[in-house]
Amino acid sequence: MSDQHDNATAAPEVQGSAVSGRPTLEELKERKARSRRRLEHTGEVMTISMGPQHPSMHGVYRAELDLDGEVIVAVRPEIGNLHRGVEKLCEQRTYHQIIPITDRLDYLAGFVMNHGYCEAVEKLMGLEVPVRGRYIRTIAGELCRIANHILWLGVHIMDLGTQTFFCICFRDREYVLDLLEMLTGARLTHSFGRIGGVAKDLPDGFDHRCRKAIDFLPQRVAEYERIVKHNRIYYKRAKGVGIFTSEDCYAWRVTGPTLRSAGVARDLRKDEPYAAYDEVDFEVAVEYNADVYDRFLVRMKEIRESCKIVRRCLDSLPDGPFVARDAGRTLPLKKNVLRDPAAMIQDFYQVFEGPQVPKGEVYRAIEAPKGEMGVYIRSEGGAKPARIRFTTPSFYHGQAVPPLVEGEMVSDMVAIFASIDVVLGDCDR
Amino acid sequence: MSDPVAQFVFLLIKAILMPVLIIMMVAFIIYFERKFAGFFQGRVGPTYLGPWGSLQSFGDIFKLLSKEDLIPTRADKPVFRLAPYIAFIPAFLVMAVLPFGPVSEETYLFGYQFDYVIANFDTGLVLFLAMGAIAVYGVVLAGWSSNNNYSLLGGLRAGAQMISYELAMGFSVVGVMVMAGSLNLVAIVDGQAGNFWDWYFIPQVVGGLIFFIATIAELNRTPFDLPEAEQELVAGHLTEYSGMRWGMFYFAEYVNLVVISGIVATLYFGGWRAPFEVLDFIPGPIWLLVKICLLVFLYMWVRWTIFRYRYNQLMSIGWKVLLPLAILNLVVTAIVVNVVG
Amino acid sequence: MSAEAVSAAGKAERPLPATLAAAKMELEERFGTRLLGSCEFRGELTYTVAPEDWVEVLRFCKETPALAFDQLDCLLGDHLPERAAAPLQVVAHLLSHTHGHRLRIKTPLVEGRGLSTVTGLWPSAGFDEREAWEMFGIVFEGHPDLRRLLTTEDFVGHPLRKDFPLQGTVGGRIRTDLRGKI
Amino acid sequence: MGLKDVVKKGAFVDILRGMSVTGTYFVVDKVTVEYPKEKLETYPRFRGAQALLTDPETGDTKCVACMLCATVCPSQCISIVGEQTSEGRSHPAVFDLDLARCIFCGLCEEVCPEAAIVMTRRYELATFDKNDFFLDKTALIANQAYAHKELFSRPAGEGAGGAEAPRGAAPGVTPAPAPAPADGER
């Protein structure tokens with residue numbers, strides 16, 4: 001926080017005035033009101049459609065903008081172009097078959113979606129995941145988070161002007177995707193989660209390669225910060241732009257890095273720990289100016305924290321089974337199916353009958369890279385869920401664009417939309 | 001042949017040779033821009049057409065020629081067709097006043113007196129500023145005539161951006177004029193005779209920087225490429241253009257780039273003069289070519305590194321920062337030249 | 001294996017967090033009989049309320065400091081054809097940032113009956129209610145802009161109802177009979 | 001504005017720092033893998049197009065038509081018709097897999113009790129004719145050429161679930177081009 005002050009090149013009106021350097025809620029609201037003041041004298045309004053094929057709309061998000069010159073007067077968002085009816089599909093499939101569907105939700109962090117779904121099913125069944133399984137889930141989850149944030153940075157900076165960082169970020173993301181392909185078998189659509197743990201154990205040589213990549217990535221983050229953090233143009237384009245106070249975040253259910261940049265240290269990995277997050281200590285990245293610039297700072301800190309988590313998980317990786325062995329509810333291990341007949345019977349039972357799930361409903365939320373993703377499952381006791389609802393962060397971030405952007409300018413809409421990290425697979429389900 | 005006929009023949013050759021040379025240069029600069037863009041981003045750039053992909057720009061041209069050339073139905077067709085030419089032709093005119101070698105009575109070529117400039121124009125600098133202003137019409141008319149909201153926004157931005165940066169450019173150039181004592185580019189280059197420390201970019205550092213920044217805005221290149229900001233306005237004023245018509249605009253941008261780096265070389269880096277006296281045996285045009293290439297490389301380097309300003313920040317920089325600094329620089333130069341000179 | 005045996009085999013029934021127990025007392029003391037049913041399952045508290053008190057209960061949850069549910073995590077519609085009396089249902093998940101606890105409020109709905117909107121309390125319910133209307137046909141009175149969200153404007157029917165065929169009613173049927181012959 | 005910052009701002013320090021980074025990339029060796037010439041090696045767990053493994057002696061598939069993979073497949077793209085062979089062993093007369101619907105999740109490989117169906121490392125599936133996506137039994141058996149090498153390095157009974165051989169180069173080192181698979185595609 002201290003460096004926040006010495007870079008006097010920041011636009012003077014954004015200087016924090018509170019005693020501890022952190023702007024109070026009223027101060028943030030006053031800054032937001034300043035950018036809304038452009039709306040008072042609106043002349044003739046022109047409507048443009050930042051349509052589904054727009055280069056910086058991160059997928060098929062459509063926003064109809066009413067412009068007065070360059071200032072945005074009104075926004076009418078429109079989503080649903082990537083709606084695949086995931087919830088209807090899930091109602092026709094057993095709990096094992098739903099796993100490959102979930103990683104198509106937020107396709108930039110596939111495994112995290114598997115993980116969220118498996119946590120909800122395990123909570124519904126009351127199933128205990130063995131320690132090694134939880135550690136592997138944490139490692140894979142954090143690798144997905146790193147990949148997601150690096151891609152976010154590349155696209156965010158490309159929206160501000162140059163393609164250079166897009167290529168640089170995608171090159172660094174390649175190392176993480178390599179690791180995920182080695183671990184799970186696919187770069188994006190991992191389908192690596194299983195009810196009761198993970199599909200396979202860590203392959204040999206993964207430990208060495210993972211440590212090499214984890215030591216290499218913080219240097220890359222240092223380089224990104226060296227270029228972007230003190231860049232005068234990034235100051236002008238990001239400081240004091242798109243302010244969203246914590247009150248707005250609660251009202252519009254905006255969570256994740258956007259909420260943490262508004263001064264609220266809310267992180268489900270700390271508040272409602274799951275997998276191995278309670279056994280690994282890490283800090284929650286928090287900033288206080290609630291603008292695009294602070295969302296960048298929060299995400300860079302999160303990449304560093306994720307690297308730390310993965311390193312700690314690798315250091316204290318326990319032995320033992322990586323998936324729960326419970327005849328009635330989990331898929332058997334492939335090795336056992338080929339050898340002993342009991343596992344083969346369990347195999348047939350799980351595929352034809354499906355897992356036994358008690359009647360009841362459950363809601364489990366985890367910390368996805370873009371925000372809090374909650375899974376609501378209502379089961380009537382059968383092998384197929386009666387109703388599943390994926391409460392994905394981008395759905396609500398896409399809805400929160402109007403209050404975020406009104407009063408700002410067109411080129412700010414692009415920067416703000418990128419800063420809240422909306423991905424349409426997540427948003428339209 | 002008598003002298004006037006020889007002069008006329010020389011003029012014809014120069015007038016034909018210059019555009020052909022520029023078009024050849026532009027074709028290669030387009031290729032180098034894509035190649036260097038790749039290198040700056042850690043990737044390789046085009047490699048398939050020709051050795052190291054060198055025929056890529058000819059591949060582009062054939063692709064553009066074969067592409068369908070759409071004109072929107074409700075577009076203002078005559079203006080829509082005229083816009084690329086308005087953007088394309090002024091750049092060539094400026095090349096006429098650019099000296100690429102010694103201009104004096106005793107320089108002879110094939111036995112006839114020959115001066116290394118197409119038009120020894122007394123007010124060459126004013127012509128350059130005028131042509132820059134006309135090129136803006138190409139962009140603004142393109143934006144207006146394609147009857148599309150995005151292009152209108154792009155065109156408006158281009159108009160506003162040019163006005164605010166032309167002033168800064170004009171004032172910063174006057175500093176050079178005061179030092180050289182004349183508007184004629186030939187006289188300016190003669191004023192920079194001698195080694196590289198006699199060039200004007202050393203006394204005129206502030207003026208030179210302002211001029212460089214203003215030319216980036218003139219060329220619509222990255223920190224100030226708001227008119228065709230792909231991320232915001234899809235393609236700005238070029239949204240409705242396709243095929244060879246779009247190619248004309250793309251070509252015009254690079255011709256402008258070559259011409260303006262020529263002007264910057266002439267005004268601040270001693271035109272066709274060698275950096276050291278002893279290297280004078282290498283002919284003038286070679287030096288001008290080397291300087292143009294280095295400056296074009298610098299423009300590319302700036303383009304692939306720096307983000308883009310927001311529209312109102314761009315205007316405020318133009319009016320609140322560059323213009324006062326340019327005037328200050330002019331005043332200081334005038335005082336120094338009169339007191340010391 | 002009956003449901004109890006399975007859940008007994010799993011972790012012991014999770015106790016309610018302290019603040020949630022306090023909130024439970026407050027709620028039951030305030031509404032008492034108007035809470036039609038409550039259930040605790042896997043450490044989650046669920047209340048069922050009548051459709052008429054829907055907004056009142058939610059407003060109470062949001063405004064009283066002991067509960068302080070300042071975020072509506074998710075609001076979803078549901079279709080239970082086996083429950084003939086009230087086949088439709090709306091479920092709301094509330095989250096309190098100050099106390100860090102969660103609550104689920106449900107309300108059963110008869111077929112044609114609408115529900116009043118909660119966008120006044122939490123603007124984030126806007127898209128949720130539009131989706132619930134589009135997928136189940138539950139009309140939310142007072143909603144600023146109730147139109148189709150995820151499906152196309154001219155889509156007919158409410159897809160997430162159990163009686164809606166998986167292949168859909170309008171064209172685009174998967175021609176399994178032509179497989180391999182095209 | 002402190003004097004230090006005016007000087008820094010005047011001297012374009014942050015802009016030059018950004019340009020120094022792109023400058024270093026200009027000279028550093030490039031990372032592009034030129035796809036058709038150099039191909040990246042896939043990892044042992046890569047899930048490409050499926051293949052039916054065959055017994056070396058009988059030349060027939062190990063599959064016993066137990067319909068497990070057809071049931072577990074989330075997109076129902078496998079269709080099998082089983083029959084009894086002369087020696088009384090059941091094997092699939094028809095084994096069709098529609099790659100156009102397959103989502104490459106690997107569940108069929110995981111539940112197969114005979115380790116008969118296996119995900120190979122074949123990812124070049126682009127074709128001009130949609131029917132090529134409709135793999136019948138012979139095409140699936142021909143896909144064996146692309147099967148992961150690690151499968152055969154262990155005793156056949158082990159199946160695909162066993163530990164995989166380490167592979168791949170450390171990040172930053174350009175991996176060696178993969179041996180071109182047999183081109184007899186069809």
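Reckoned from all heavy atoms, side chains included, excluding hydrogens, waters and symmetry mates. These numbers were taken from a predicted model, which means no experiment stands behind them. First the proteins, then the strands, lettered A, B, ... as listed; each starts at 1.
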Chemist: Would you call C/Lys162 and A/Glu91 a salt bridge, taking side-chain N to carboxylate O under 4.0 Å as the test?
Modeler: yes
Chemist: Could you check whether C/Arg102 makes a cation-pi contact with A/Tyr363, meaning its NZ or CZ is under 6.0 Å from the centre of the six-membered ring and within 45° of the ring axis?
Modeler: no
Chemist: Looking at C/Lys106 and C/Glu44, is any side-chain nitrogen of the basic one under 4.0 Å from a carboxylate oxygen of the acidic one?
Modeler: no
Chemist: Please determine if C/Asp128 and A/Arg389 form a salt bridge, counting it only when a charged side-chain N lies under 4.0 Å from a carboxylate O.
Modeler: yes
Chemist: Say whether, by atom type as modelled, one donor and one acceptor occur between the side chain of A/Asn81 and the main chain of A/Val60 under 3.5 angstrom.
Modeler: yes
Chemist: What part of A/Leu259 lies closer than 4.5 angstrom to a heavy atom of chain C: side chain, backbone, both or neither?
Modeler: side chain
Chemist: Using non-hydrogen atoms and a 4.5 Å limit, figure out which bit of A/Thr255 sits close to chain C: side chain, backbone, both or neither.
Modeler: side chain
Chemist: Heavy-atom distance under 4.5 Å to chain C: side chain of A/Tyr376, backbone, both or neither?
Modeler: side chain
Chemist: If you count heavy-atom pairs under 4.5 Å with chain C, which of A/Arg429, A/Glu247, A/Glu78 comes out on top?
Modeler: A/Arg429
Chemist: Considering only heavy atoms, which portion of C/Leu95 lies under 4.5 Å from any heavy atom of chain A: side chain, backbone, both, or neither?
Modeler: side chain
Chemist: If I measure from the heavy atoms of chain C, does A/Gln92 come under 4.5 Å with its side chain, its backbone, both, or neither?
Modeler: side chain
Chemist: Below 4.0 angstrom, N of the basic side chain to O of the carboxylate: do C/Glu28 and C/Lys24 qualify?
Modeler: yes
Chemist: Give the member of C/Cys39, C/Cys74, C/Pro159, C/Gly100 that has the highest number of heavy-atom pairs under 4.5 Å with chain A.
Modeler: C/Cys74
Chemist: Between C/Thr152 and chain A, which part of the residue has a heavy atom less than 4.5 Å away: side chain, backbone, both or neither?
Modeler: neither
Chemist: Chain A heavy atoms under 4.5 Å from C/Leu72: which part of the residue, side chain, backbone, both or neither?
Modeler: backbone
Chemist: Look at A/Lys88, A/Glu272, A/Gln399, A/His83 and state which one has the largest set of heavy-atom pairs under 4.5 Å with chain C.
Modeler: A/Gln399
Chemist: Quick one, C/Phe69 with C/His99, criterion ring pair (Phe, Tyr, Trp, His ring centres under 6.0 Å). Give me CA distance, side-chain angles, the key distance, then yes/no.
Modeler: CA-CA 9 Å; C/Phe69 286 105; C/His99 306 308; 8.0 Å; no
Chemist: Indicate the atoms forming the closest heavy-atom contact of A/Asp428 with C/Leu150, along with that distance.
Modeler: O-CD2, 3.8 Å
Chemist: Side chain, backbone, both or neither: which part of A/Glu380 has a non-hydrogen atom closer than 4.5 Å to chain C?
Modeler: side chain
Chemist: Given heavy-atom pairs under 4.5 angstrom as the criterion, report whether the side chain, backbone, both or neither of A/Tyr396 touches chain C.
Modeler: side chain
Chemist: A/Leu124 versus chain C, heavy atoms under 4.5 Å apart: side chain, backbone, both or neither?
Modeler: both
Chemist: So what's closer than 4.5 Å to chain A heavy atoms on C/Arg161: side chain, backbone, both or neither?
Modeler: backbone
Chemist: Check the pair C/Phe31, C/Phe60 against ring pair (Phe, Tyr, Trp, His ring centres under 6.0 Å), reporting the backbone distance first and the verdict last.
Modeler: CA-CA 10 Å; C/Phe31 288 98; C/Phe60 177 77; 5.3 Å; yes
